[in-house]
Protein chains: 2
Amino acid sequence: MDEQSFSLGDVKDYLLQKGINPSYQRLKILEYLMNSTSHPTVDTMYRTLSKAIPTLSKTTIYNTLDLFMKKELITGLTIEENEVRYDANLSQHAHFKCLKCGRVFDIPGDFFPQIGNTVCEHIVKEKHFYMKGICKYCASRSA
Amino acid sequence: MDEQSFSLGDVKDYLLQKGINPSYQRLKILEYLMNSTSHPTVDTMYRTLSKAIPTLSKTTIYNTLDLFMKKELITGLTIEENEVRYDANLSQHAHFKCLKCGRVFDIPGDFFPQIGNTVCEHIVKEKHFYMKGICKYCASRSA
DNA sequence: TTCTCTGCAAACGCTTTGCACGGAT
DNA sequence: ATCCGTGCAAAGCGTTTGCAGAGAA
């Protein structure tokens, strides 16, 4: 958790506004996502949230994330095969994955080409842009 | 297979030039990839190539693709979780995945932002850009 | 009661690993 | 004999499914 900007109350209001029953599990999962910029995997969420909710199961996390995605509160990001990461930041932004430490960073700014609704006659619904390399922390550590 | 432009001989020369022992399996796998623009998954390759090589195993395909990636003959693309696709087209290009039929198309042209070697102080090694939507074939079919 | 939410356990599917056979040198 | 390539079988791991118990209305 990076900087605690959203309270449980904020999160509850948000869920209610989106027409989602704010159960404790859902509140805590969304709170975690909204206060995180690290694009956690299900396993990361599970290991962290288990401390606060010892009975929490991964099934509930999957169920909840599916619900949030269906209701468009979050998006899933695919950078690596074998793991999906989740992001509550819905603004169009790029991602950077460090090949050393594995962390995923948001890259602000509009890097997205100004293509219209179609490209090569295909209808575009989503655009995804990500980079891989060595993050500034790993770079300075090995320098 | 889309348009037969590379012969087995071409592929053999390419393997030798890259310092890879051109076994029959390796030849056929690379031939398939070089003559395909459909970014096949391992399963697609397996089902297709099994016809020509009945004893072929998926293990060999995985071994071979790992080798090709290590030697930088091909790249792996991650658009969906749960499946890796492979591409022998090493030029920087974008991809488009159809949400209906699931096919992945190459999108030619330089859609990549002209960022330098670093972004937000991170060292960039790879850039990936892909879109999702409805491809022209599915769009015309349902129109 | 009825409907929803939760979570254990098992199933699934793609990928990786262990290991042994076979061909080439 | 040695080395490399191949491929069967089993294990691994993230995710999904089946289903039953708990909780709210």
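Just so it is clear: chains get the letters A, B, ... in the order the sequence lines come, proteins before strands, and each one is counted from 1.
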How many Å lie between [atom1] on [X] and [atom2] on [N], as a whole number?
| X | N | atom1 | atom2 | answer |
| --- | --- | --- | --- | --- |
| A/L67 | D/dT16 | CG | P | 14 Å |
| B/I61 | D/dG5 | CD1 | C1' | 15 Å |
| B/I53 | D/dG5 | CD1 | C1' | 13 Å |
| B/D66 | D/dG5 | CG | C1' | 14 Å |
| B/K58 | D/dT6 | NZ | C1' | 17 Å |
| A/M69 | D/dT15 | CE | P | 10 Å |

With a 4.0 Å cut-off (strictly under) to non-hydrogen atoms of chain A, the first and last hit nts on DNA chain C, 5' to 3', are C/dC5 to C/dA9
Full working for side-chain contact (heavy atoms from CB on, under 4.5 Å) between A/I20 and A/Y14:
CA-CA 9 Å; A/I20 296 172; A/Y14 189 47; over 6 Å; no
Is the phosphate of D/dT6, meaning OP1 or OP2, less than 4.0 Å from a side-chain N or O of B/S23?
yes
Does OP1 or OP2 of D/dT15 have a side-chain N or O of A/Y62 closer than 4.0 Å?
yes
So does B/K58 have more than 12 non-hydrogen atoms from other groups sitting under 6.0 Å from NZ?
yes
Under 4.0 Å between any heavy atoms, over every strand shown, what does [X] touch: base, sugar-phosphate, or nothing? Just pick one.
| X | result |
| --- | --- |
| B/T60 | base |
| B/T59 | base |
| A/T41 | nothing |

Within the sub-3.5 Å range, which N or O atoms of nucleotides 23-25 of chain D have a protein N or O partner, and how far apart are they?
none

Does the salt bridge (charged side-chain N to carboxylate O under 4.0 Å, His left out) test come out yes or no for B/E83 and B/R85, once each step is laid out?
CA-CA 7 Å; B/E83 60 175 25; B/R85 289 163 175 274; 3.2 Å; yes
Of the nucleotides D/dT17, D/dG7, D/dG5, which has the atom closest to the B/N21 side chain?
D/dG5
Which distance, rounded to the nearest 0.5 Å, do you find between the [atom1] of [X] and the [atom2] of [Y]?
| X | Y | atom1 | atom2 | answer |
| --- | --- | --- | --- | --- |
| A/Y137 | A/C98 | OH | SG | 11.0 Å |
| B/K18 | B/D13 | NZ | CG | 13.5 Å |
| B/L90 | B/L73 | CG | CG | 7.5 Å |

Ranking B/R26 and B/Y46 by the position along DNA chain D of their nearest nucleotide, the one closer to 5' is B/R26
By the side-chain hydrogen bond (donor to acceptor under 3.5 Å, both in side chains) test, which pairs, at least two apart or in different chains, include something from residues 118-132 of chain B?
B/E80-B/K132, B/E126-B/H128
Same cluster or not: A/Y32 versus A/L67, using hydrophobic residues (I, L, V, M, F, W, Y) connected whenever any side-chain heavy atoms lie under 4.5 Å apart?
yes
B/K28/B/V11 under side-chain contact (heavy atoms from CB on, under 4.5 Å): CA gap, chis, key distance, verdict:
CA-CA 9 Å; B/K28 294 298 280 183; B/V11 176; over 6 Å; no
